[in-house]
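As structure tokens, the structure follows; a few thoughts come after it.
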Amino acid sequence: MAKKTITITLYMSELIYDVQNKTYLTGRSRSTGNNHEEVAHMQANDDDENANQIARSIGNAFANMKTQLSEFIQSAGTTANNQLISQTTNLSVELVMPSNFNQAVNDTVSTAMHQYLVNCAIGDWFTITNKNDAGDYVTLAAANIEEIRNAINKRVRPTRTPTVTNLP
Amino acid sequence: MTDVTLTVDKNKVYDEVAKTTSYTGAKMQGDDKAYERIFTTDEDQQMLERFWTEASNAATEQFKPFLESNLSDSSCYKVQLELSSSFETQLQASIETSLFSFFVSVIVGKWYKFTNKSETDSYGKEAVGMIEDVMQKIYFKKKPKRVIPQ
């Protein structure tokens, strides 16, 4: 039976915005009125040192996610490097799935992948800027990878095709 | 990053210090020599100059993480800061106003150590409040904006 190729695209702008928005909201809600410096450090933005750290974390998480899904990924590449991923290039992964893969979970896979990358990036970011909340995001990321696994293991039920027999 | 230049005019600060000290001296009851003692005059300039320098140094210390250049001269305090790209530029005027008040409070507070001890602390606290206000605005970040993928 032919395999199904599922292409998942993760927009960098959406990943970065989600990280920035969650860290912004966290900083705002942790404000006590006189911890402005601490709050500002929690809130990731487009400044080079912030953006590079976030891009590095997203890149690391994406690589780790591909390792977790390696049995479904085919790659002909023979080289690799550690260059920081671009903040303007979208991430794409092609999953080569069995023919009975349930495509109804495509959105679940892409959503869980998005959440995994975002939670890993925030976990890393808060390890530097807000240790108290870092653990929560690491836990969320671990749950997300399980969701991805669950989703890609969904299969459609086999259907019996009745055979037409010629009666004598 | 956002480049911001903050300027405080020294003469305007001295005028404000003169107004504050004159008003305090004139309103003080039961002390006939208060006005003469508290009001800063041109003869007190040398002392005020030292207070101005101390206030400038204190402000620069706060701005250190963002300081690009210090362009201060004999007529003003002027620093160029490299602030976050999320800095709210609408706050610049308000920051300058608070910084101006910081200079006035520091100078008046230090002057009162000699001439009106009972009010020294309140000006000291006011100066701390003013510089905190400045730093709060400097550290404030605008909310991130979503760019819809094409």
Side-chain angles (χ1 to χ4, degrees), chain A residues 7-55 58 86-92 107 110-111 113-114 117-118 121-122 125-126 129-130, chain B residues 1-6 58-69 79-99 101-102 105 122 124-150:
Chain A
T7 305
I8 308 277
T9 302
L10 298 162
Y11 293 103
M12 272 304 267
S13 60
E14 295 287 22
L15 293 166
I16 290 170
Y17 170 74
D18 207 2
V19 171
Q20 290 184 350
N21 194 41
K22 284 189 166 80
T23 57
Y24 173 80
L25 293 171
T26 305
R28 202 172 63 177
S29 57
R30 300 289 181 274
S31 172
T32 58
N34 51 17
N35 62 342
H36 43 272
E37 192 174 346
E38 216 176 297
V39 167
H41 290 159
M42 281 182 210
Q43 297 172 324
N45 67 358
D46 290 326
D47 292 349
D48 284 349
E49 64 274 23
N50 291 214
N52 289 343
Q53 172 58 43
I54 298 301
I58 291 175
S86 160
Q87 290 150 40
T88 53
T89 308
N90 300 325
L91 302 176
S92 180
D107 284 345
S110 65
T111 306
M113 284 181 172
H114 171 96
L117 299 186
V118 167
I122 297 177
W125 179 253
F126 279 165
T129 64
N130 171 26
Chain B
M1 298 302 243
T2 310
D3 287 325
V4 171
T5 304
L6 300 177
T60 306
E61 175 63 25
Q62 294 292 321
F63 297 144
K64 220 164 47 179
F66 313 101
L67 197 60
E68 237 183 339
S69 53
V79 282
Q80 216 167 14
L81 306 179
E82 191 183 54
L83 301 182
S84 155
S85 54
S86 313
F87 170 69
E88 176 55 83
T89 49
Q90 299 291 324
L91 294 173
Q92 182 170 352
S94 162
I95 290 174
E96 278 183 322
T97 309
S98 298
L99 189 58
S101 300
F102 166 74
S105 300
S122 68
K125 279 180 191 155
E126 200 172 293
V128 170
M130 287 301 165
I131 200 71
E132 264 178 19
D133 184 61
V134 168
M135 297 315 290
Q136 244 171 33
K137 286 170 187 156
I138 279 180
Y139 276 108
F140 177 78
K141 284 182 176 174
K142 282 188 291 193
K143 60 180 78 168
K145 281 204 172 98
R146 178 170 174 248
V147 181
I148 297 166
Q150 298 299 317

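Sequence lines set the chain letters: A, B, ... in the order given, protein chains first and strands last, and positions in each chain run from 1.
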Task: Option from B:Lys125, B:Met130, B:Glu132 for which side-chain contact (heavy atoms from CB on, under 4.5 Å) with B:Val128 holds - done: B:Glu132

TODO: Check for a donor-acceptor pair, side chain of B:Asp3 on one end and backbone N or O of B:Glu82 on the other, with a separation under 3.5 Å.
DONE: no

Open item on the list: I need the contact set between residues 84-95 of chain B and chain A: heavy-atom distance under 4.5 Å, sorted by residue number.
Closed with: B:Ser84, B:Ser85, B:Ser86

Open item on the list: At a 4.5 Å cut-off on heavy atoms, which part of A:Asn50 comes close to chain B: side chain, backbone, both, or neither?
Closed with: side chain

Open item on the list: Is it the case that the side chain of A:Asn21 and the backbone of B:Arg146 share a donor-acceptor pair, with hydrogens and angles ignored and the cut-off at 3.5 Å?
Closed with: no

Task: A:Glu14 versus chain B, the contacting section by heavy-atom distance below 4.5 Å - done: side chain

Task: Flag side-chain contact, heavy atom, 4.5 Å: B:Phe63 against B:Ile138 - done: yes

Open item on the list: With no hydrogens and no angle check, just 3.5 Å: does a side-chain donor-acceptor pair link A:Asp46 and A:Gln87?
Closed with: no

Open item on the list: Any non-hydrogen side-chain atom of B:Met1 less than 4.5 Å from a side-chain atom of A:Asp47?
Closed with: yes

Open item on the list: For a ring-ring contact (aromatic ring centres under 6.0 Å, His included) check, start with the C-alpha distance between A:Tyr24 and A:Tyr17, then their side-chain angles and the critical distance, and finish with the verdict.
Closed with: CA-CA 10 Å; A:Tyr24 173 80; A:Tyr17 170 74; 9.9 Å; no

Task: Residue B:Lys145 versus chain A: region with a heavy atom under 4.5 Å - done: backbone

